[in-house]
2 protein chains.
Amino acid sequence: MSEVTIKSIAKALDLSPATISRALNDSHEIKRATKDRVLAYAKKHNYRPNTFAKNLKTGKTNLIGVVIPFLSSPFFLEFIDELYRVALPSNYTLVPFQTQNQEAMEKEALLFLRQQNVAGIIISPAHENSNVALLEDMHLNGCPIILFDRIQHGLQTHKIGIHNSMETYQATETLLKKGRKRIAFLCGKDIGNTKDRIRGYKNALLNHGVAFLEEYIIYVDYQDPNQAIDEELKTRLGELKDKNLLPDAIVSGTDTLSIKILGVLGSLAIRIPEDIAVIGFTNTNLADYLAPALSTIQQPTQEMAKLAFELLVELMDKKSDSGAADYKSFLLAATTVYRKSSLI
Amino acid sequence: MSEVTIKSIAKALDLSPATISRALNDSHEIKRATKDRVLAYAKKHNYRPNTFAKNLKTGKTNLIGVVIPFLSSPFFLEFIDELYRVALPSNYTLVPFQTQNQEAMEKEALLFLRQQNVAGIIISPAHENSNVALLEDMHLNGCPIILFDRIQHGLQTHKIGIHNSMETYQATETLLKKGRKRIAFLCGKDIGNTKDRIRGYKNALLNHGVAFLEEYIIYVDYQDPNQAIDEELKTRLGELKDKNLLPDAIVSGTDTLSIKILGVLGSLAIRIPEDIAVIGFTNTNLADYLAPALSTIQQPTQEMAKLAFELLVELMDKKSDSGAADYKSFLLAATTVYRKSSLI
DNA sequence: TTGTATGCGTTATCAG
DNA sequence: CTGATAACGCATACAA
């Protein structure tokens, strides 16, 4: 649709297309006057390079793929939001994708991104080792990749996460110190993060001489946050109640479930925190307004996004420079905010 | 990076590139056997067409630009989420952008999308008539555009919104019938939707013989939901209190403020709904869990997203077909869910 | 410093 | 039905 091209400029200015291209690309081998003339004309006629031709020629884009499990999770939303903020001043454009925790959808997204020849990718994988081969292939072929959040993954690259076990350890310990002994742990899919978080939980129990109970690990797998996981949660709690094993505290190790549990407990006429104390794992700024205000383990999301972007840019800039695998894992600290849901 | 191209297939199969192209594009002028052979080979070697070459040649893409004010608003988030869902089975890819309610950022996004030669755009404009000229230009030049949510806008095209005044009328009326007489109306930027919503509010007052008070229209403009609008809200309410004009009910006409008001009232030690009843305007599924559970006017978001996508596909398919301006405005019905915050 | 020629991968036009 | 050829807009090696 854009009528003004390098060729048309060349004709209008009685120059060759090559010269126009050089002027536009700020080449050194061009006379200052000519360059200025071209630039002026280009600006006046609102020249916009054809991305597709440019890319076809150079094999490069300014696109950054962002692959996450869900958009409708406070953590990922905040992450993307911040990513947009830091990417804006740069020349890069974000192309977000959701995987719904499914490797097949993730593969689709990655193949598409490869086809779009994206300059780099920031990803929180669907699960441990999902699409490792594909990611490795892309990574080695000049498309740098940054892993975040779910960093237990086979790919060798920069990884940005939090120290999972430390936070759940502290949250659990806090509850133990308040006298809670039957603490359940709520988690989603069985991925690396979950394991670490469970480890922290278990260690806290161990160090405080409280026996670990297999029944208190509540897995609720889901591929869509809109599923009827409320019902599943309710069922699981009902089972525990029937076994006379109703917990007196719940630590959540995952985002989506952290808020749903409030509603579920409410519908079962269980009081929070009197009957069951709750500490969630989420970044929603609504935590203060919930009934009751929800204690939360919060990730340094914006910091993570900023770091992810910076590391990616660094990798993209250095091209196939060193090739040396000097990749690092960044483990940031999460913070727990204690609110009413875990008091008493 | 993709090594397998039409040319390479042609060489391998001892055919011409033209034939391969025809086979791949399901042309009629090709022998069935040849086509099958090509397709089999392509599949086996995982052929993926080069988007850029294809686009350079055809001048078309499968990209759909999505331009919204904020991602971090429950309504827009739900909209995009649903959009992804309906767009997935199709061959289209979404390219989302945020404008932060700023026309300049919106322009940036639109120019980028134009440069990317997107096949169509779904947009909730930054404000009335923002970038009208640019949008018109793109629209006329073969890039169909669908307006949603903020449909008071100069562009002639399909528009999808809700019947704003009707819902605020009913919400206001409900409060009036419960005996509330000093009802304030909370709104954001002064755009078309706001005006309609205020109209519904005013009409309800009028029909129930309650005088309209200018002070009860509370504008809180913002360009970023993370701004300190809590403080501004607090200030405004403090002013009303000083004037001895503290309302006994608040209807919110905008998303972001709907939840913040709960926290602000709480920090002022104002009881909800005893002192002030509140009805929000938001789609968050957390409404049930808030303290207190928040009555909300909810938009049929998923329906809107689905319709937007379908209408856009229709326009994109018909090319520069008729050119007839047979555009419609779709006004869907919102529903109000009454919860504790407006009881008594 | 500038121009000419070539090709990126694809589709379209024309012959055969 | 198939093949040769040109062209999309751009960047670059090479020639001038």
Next item on the list: For Lys35(A), look at atom NZ and say whether over 12 heavy atoms of other residues, nucleotides or ligands are found less than 6.0 Å away.
Entry: yes

Check: Can you tell me how far C1' of dG3(C) sits from CG of Asp14(A), to the nearest Å?
Finding: 12 Å

Item checked: N/O (side chain, Lys54(B)) to phosphate O (OP1/OP2, dT11(C)) under 4.0 Å -> yes

Item checked: Distance test, side-chain N/O of Tyr47(A) to OP1/OP2 of dG9(D), below 4.0 Å -> no

Notebook entry, point to check: When you check the side-chain N and O atoms of Asp81(B) and Gln98(A), is any donor under 3.5 Å from an acceptor?
Noted result: yes

Check: If you take atom types as modelled and just measure distance, does the side chain of Lys57(A) reach the base of dG7(C) with a donor-acceptor pair under 3.5 Å?
Finding: yes

Next item on the list: Could you state the atom-to-atom distance from CD of Gln115(B) to C1' of dG9(D) in whole Å?
Entry: 13 Å

Check: What's the CG-C1' distance between Asn50(B) and dC10(D), to the nearest Å?
Finding: 14 Å

Check: Just wondering, are more than 12 heavy atoms of other shown residues or ligands nearer than 6.0 Å to CD in Glu108(B)?
Finding: no

Next item on the list: Pull out every residue in residues 19-46 of chain A that has a heavy atom closer than 4.0 Å to any atom of DNA chain D, ordered by number, or say none.
Entry: Ser21(A), Arg22(A), Asn25(A)

Note to self: Does either side chain, that of Gln152(B) or that of Asn129(B), offer a donor lying less than 3.5 Å from an acceptor on the other one?
What the structure shows: no

Margin query: Under 4.0 Å from OP1 or OP2 of dA7(D): is there any side-chain N or O of Lys7(A) that close?
Written below: no

Next item on the list: Indicate yes or no: does Glu303(B) engage Lys306(B) in a salt bridge with an N to O separation below 4.0 Å.
Entry: no

Next item on the list: Nearest whole angstrom, please: distance from the P of dA12(C) to the CG of Asn55(B).
Entry: 13 Å

Item checked: Side chain of Ala18(A) - closest among dT11(C), dG9(C), dT12(D) -> dT12(D)

Next item on the list: Write down the distance between CG (Leu56(A)) and P (dT6(C)), rounded to a whole number of angstrom.
Entry: 18 Å

Note to self: Heavy atoms only, 4.0 Å cut-off, all strands: where does Pro17(A) land among base, sugar-phosphate and nothing?
What the structure shows: nothing

Next item on the list: Could you check how far CD1 of Ile9(B) sits from P of dG3(D), rounded to whole Å?
Entry: 14 Å

Next item on the list: Rounded to the nearest angstrom, tell me the gap between atom NZ in Lys60(A) and atom P in dC8(C).
Entry: 18 Å

Checklist line | Glu106(B) (side chain) donor-acceptor with Ala126(B) (main chain) under 3.5 angstrom | finding: yes

Note to self: Strictly distance-based, threshold 3.5 Å: is any side-chain N or O of Ser21(B) a donor or acceptor partner for the main-chain N or O of Pro17(B)?
What the structure shows: no

